[in-house]
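Remarks on the structure that follows.
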Amino acid sequence: MSAASPDPELFDKIVNLSKRRGFVFQSAEIYGGFRSTYDYGPLGVLLLRNVKDAWWRSMVQERHDVVGLDASILSPPQVWQASGHLANFSDPLVDCTNCRARHRLDKLDDPDVCPSCDTRGSFTEAREFNLMFKTHAGPVTETAAEVYLRPETAQGMFINFANVLNTSRKKPPFGIAQIGKSFRNEITPGNFVFRTREFEQMEMEFFVPPADSQQWYEYWCQARMDWYLDLGMNPDKLTLRAHDDDELSHYSSGTSDVEYLFPWGWDELEGIANRGDFDLTQHANASGEKLDFFDQATNERYVPHVIEPAAGATRTAMAFLMDAYDEEIVNDDTRTVLRLHHRLAPYKVAVLPLSKKDTLTPTALEVFDAIKGRWMTDYDETQSIGKRYARQDEVGTPYCVTVDFDTLEDRAVTVRERDSREQDRVALDQLERYLAERLT
Ligand code: GAP
């Protein structure tokens, strides 16, 4: 593990920046806020979308052996019965009889001491609390109408295994990938968007011949680590931690977590698991459908084994935000800059007329119109140019394009790069090519 250490102050800086600049808002804030739910503002929605796009691009678009899926969020109890979630997807819950605080027993430093009031021996017996949200389909709230909000996207891939196999012409090794919302009634949500009751996941189920599962497991552990690193995450703050035997699910022959050094310490970004044939076998037995594969080359029928890289989109977006945050002293002032990879940056370019004079506006809008179809571009004409550069640095915009009075004469603009603050004079008819070379 690296020599990097957690930075607790960073947490407040990120929460403040998120609110001040419109990345993340507390949900239902005007009603006092709805605990543990968050709304993604104009910049947050772009960052989150870019994280999901980068994942989809690497996991689906750039692969011939993975296809996509968008399964429903509402699902009948049979799915969760077969998956084991109804019986086992629970956390041990204890109540403090002194201060009434509620805690997850498995997350306490000392299982006998309430961290909210420091009382020893004040906990009730632990109760298993199922984390799934239950609701009812249709107008009658009877047991027969009970349905669940999915607590993971993964089961959508397992129950559609035969549909995808029969329609996509894929055969093992192949994967099904999905991005979408999941819901867990977490006992102790917290750390901003790290653990929430409603969140987004990016999961892929990779179906392989049983004999090849260990090799594919190792392949996906490496591939997933590379994804974070290729998007610029600090290697000193990223690690792959293999689960000890006593952490493994009974069906898993190997699980590793991609962990990031958050302001509170190392914590999970993603889990990569070798799940064996557990899921397909469970659903085949419960549904009576065949969920296996007949290999014509070997004349063998087998239940594929599954390697599952399961990441959190919302959690990962926050990790990239924290990782990119930097402060440096420039001319005795502190400059805050988000050194986001350009693929993740909410805006790729900002067009800034030097002054709000009507003479510059038409040309500045002409520049905006010329590039807006290709890159998410901001347009800002208020305040001094220095303040506008600072605003763009703070939200990670890689390039600022300034239209000044010379532009009207020489048909050229000044392009300023975020990290180095270096400036180039670029002819208007070369601007798109200039940016394209740098924003690939
Ligand atoms: N299908 C396997 C699965 O769901 P998981 O480790 O429970 O595995 C995968 O979830 C990822 O989803 C986690 O690594 C995390 O990034 C994200 N995640 C899980 N619970 C979350 C929560 N309450 N809030 C935000 N993200 C969460």
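FYI, side chains are in, hydrogens and waters are out, and symmetry mates aren't considered; it's all heavy atoms of this structure. Sequence positions, counted from 1, serve as the residue numbers for this chain. Keep in mind that what you see is a predicted model, and the values were worked out from it rather than measured. Both counts, for ligands and for their atoms, begin at 1 and track the order of listing.
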At what distance is the nearest protein heavy atom to [atom], and which residue and atom is it?
atom	result
atom 25 (C) of ligand 1	Phe194 O, 3.1 Å
atom 26 (N) of ligand 1	Phe199 CD1, 3.5 Å
atom 17 (C) of ligand 1	Gly312 CA, 3.6 Å
atom 8 (O) of ligand 1	Ala310 CB, 4.1 Å
atom 10 (O) of ligand 1	Gln201 NE2, 3.2 Å
atom 15 (C) of ligand 1	Arg315 NH1, 3.4 Å

Between [X] and [Y], is there a side-chain N and carboxylate O pair less than 4.0 Å apart?
X	Y	answer
Lys107	Asp91	no
Arg421	Glu417	no
Arg197	Glu186	no
Lys13	Glu327	yes

Does [X] count as lying over the ring of [Y], i.e. NZ or CZ under 6.0 Å from the six-ring centre, within 45 degrees of the axis?
X	Y	answer
Arg301	Phe293	no
Arg127	Phe129	no
Arg224	Trp220	no

Near [X], which atoms of ligand 1 are under 4.0 Å from a heavy atom of that residue?
X	answer
Glu203	1 (N), 2 (C), 3 (C), 4 (O)
Ala154	1 (N)
Glu268	6 (O), 13 (C), 14 (O)

What part of [X] sits under 4.0 Å from ligand 1 if we count only heavy atoms: the side chain, the backbone, both or neither?
X	answer
Arg197	neither
Pro151	neither
Leu269	backbone

ring-ring contact (aromatic ring centres under 6.0 Å, His included) evaluation trace for Phe194 with Trp264:
CA-CA 11 Å; Phe194 180 82; Trp264 55 89; 5.2 Å; yes
Option of least heavy-atom distance to atom 5 (P) of ligand 1 (set: Glu152, Arg184, Glu186, Arg275):
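Among Glu152, Arg184, Glu186, Arg275, the closest heavy atom to atom 5 (P) of ligand 1 comes from Arg184.
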Within the structure, does Glu308 bring an N/O atom to less than 3.5 angstrom of an N/O atom in ligand 1?
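Between Glu308 and ligand 1, an N or O pair is found under 3.5 Å apart.
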Heteroatom distance test (Thr196, ligand 1): nitrogen or oxygen, under 3.5 angstrom:
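In this structure, Thr196 places an N or O atom under 3.5 Å from an N or O of ligand 1.
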Aromatic plane relationship, Phe278 with Tyr251 - under 30° parallel, 30 to 60° tilted, over 60° perpendicular:
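Rings of Tyr251 and Phe278: parallel, as their planes differ by under 30°.
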Salt bridge (Lys or Arg N to Asp or Glu O under 4.0 Å) partner of Glu200, the single match among Lys181, Lys52, Arg150
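Only match with Glu200 under salt bridge (Lys or Arg N to Asp or Glu O under 4.0 Å): Lys52.
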